[in-house]
Amino acid sequence: MSTLTILRRHAQNPDPASLPPSVLLDYTDSYLTIFDAYPKATFHLLVLPRPKDGSLTLSELSGLRSLLSCQKKDAKKILDELAAQAEKTKELVREEMVQRYGYSWDIWVGFHAVPSMEHIHLHVISSDLCSPKLKNKKHYNSFHPKLGFFLHLEEVLSWFEEEPKYFATKKRLKPSEYEPLLKESLVCWRCDRILPNMPTLKNHLQEEWDKEAKRAAEKKRKRESGPGQADSFAGNAKKQHVEGVEEI
DNA sequence: GTTCTAGAAC
DNA sequence: GTTCTAGAAC
């Protein structure tokens, strides 16, 4: 029971600074960013709006669906502010990526079309999807960036620019239209390969991420071997020389 | 959302 | 026989 309302409790906490650093990353009067307790990727954070006087009520903030059923301009304001907070969060994550791994990779920002926990929360999640807590098909499909269950914030914002009728349809977020997506086959979001089960998918995702790390290392080497020379004979010769030295 | 575990799938 | 999934949780 309490696990389903933990986010609401955090959002209502009058003093976020009292939260342990293992929970809290950042906060303002209006928002807080916390670490997901069961991260489905190397980096996985949640941005929550804090209910405050003169703004939307707790029940209007209960989820994306309830937010979108508010006055359009009120909903848009919250989403714009969430977007700004998410940008700050992304920057903090990128810095941590570089510090820990020497490079940074994509970070996705979006909502689950049908959430499982009370209180609207924006996911900020690194695209590796490598984590011991990612255990089943539902976990994976709920973050697959092209499947449709994970609603990128940019997409949700784009609904506001569409015809009112389209917006009215989208904002319903009918569970019956989204929940079946969670049961679809396991498809690698990078290469579209179908994997037969979770252990195989997890190995595959790890390999894909290892490849990305290699590409990043190669890019860095090229950058450091001298701008504009990487593809020239002189550049290659120089690179080989440097590599030779490094191997000794 | 998670944990647990029966029985399906291999 | 072991691995893996997916539904119940009083």
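Model, not experiment: these values are computed from the prediction. Convention: sequence-line order gives letters A, B, ...; per-chain numbering from 1.
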Give the dot-bracket line for DNA chain C from 5' end to 3' end: parentheses for intra-strand Watson-Crick or G-U pairs under 3.5 Å, square brackets for crossings, | for inter-strand pairing, dots for unpaired. |||||||||.
Just to be sure I understand the rule, does H139(A) reach a base, reach only the sugar-phosphate, or reach nothing, if contact means heavy atoms closer than 4.0 Å? sugar-phosphate
Which pairs with one or both residues in [range] pass ring-ring contact (aromatic ring centres under 6.0 Å, His included), sequence neighbours excluded?
range                       : value
residues 125-144 of chain A : H44(A)-F143(A), H112(A)-F143(A), H123(A)-F143(A), Y140(A)-H144(A), F143(A)-F150(A)
residues 197-221 of chain A : Y101(A)-W209(A), W105(A)-W209(A)
residues 72-96 of chain A   : none
residues 16-42 of chain A   : none

Where at least one partner belongs to residues 165-182 of chain A, residue pairs that pass side-chain hydrogen bond (donor to acceptor under 3.5 Å, both in side chains), sequence neighbours excluded: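 Qualifying pairs, neighbours excluded: none.
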Out of curiosity, S62(A) OG to H119(A) NE2, how far, rounded to the nearest 0.5 Å? 9.0 Å
Result block: side-chain N/O donor-acceptor pairs under 3.5 angstrom for residues 82-89 of chain A, not counting sequence neighbours:
unit_1 : atom_1 : unit_2 : atom_2 : d
T89(A) : OG1    : T33(A) : OG1    : 3.3
T89(A) : OG1    : Q85(A) : O      : 2.9

Scan residues 4-21 of chain A for pairs that pass salt bridge (Lys or Arg N to Asp or Glu O under 4.0 Å), counting only residues two or more places apart or in two chains.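 Every salt bridge (Lys or Arg N to Asp or Glu O under 4.0 Å) pair that includes a residue of residues 4-21 of chain A, provided the two are not neighbours, is R8(A)-E118(A).
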In the hydrophobic clustering (ILVMFWY, side-chain contacts below 4.5 Å, transitive), which residues join L58(A), or is it alone?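 Taking Ile, Leu, Val, Met, Phe, Trp and Tyr as members, L58(A) stands alone, with no cluster partners.
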Go through the structure and list residues passing side chain to side chain donor-acceptor pair (under 3.5 Å) with N13(A), not counting sequence neighbours.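 Side chain to side chain donor-acceptor pair (under 3.5 Å) list for N13(A), sorted by chain: empty.
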Euclidean distance, atom CD of residue E184(A) to atom P of dA6(C) [Å, nearest integer]: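 About 13 Å, once rounded to whole Å.
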Whole-Å distance, L4(A) CG to dA9(C) P, equals 16 Å
Can you list, in residue-number order, the parts of residues 38-48 of chain A that come under 4.0 Å of DNA chain B, counting heavy atoms only?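 Per residue number, the list reads Y38(A), K40(A).
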Nucleotides 1-5 of chain C: which of its N/O atoms have a protein N/O under 3.5 Å away?
unit_1 : atom_1 : unit_2  : atom_2 : d
dT5(C) : OP1    : M198(A) : N      : 2.9

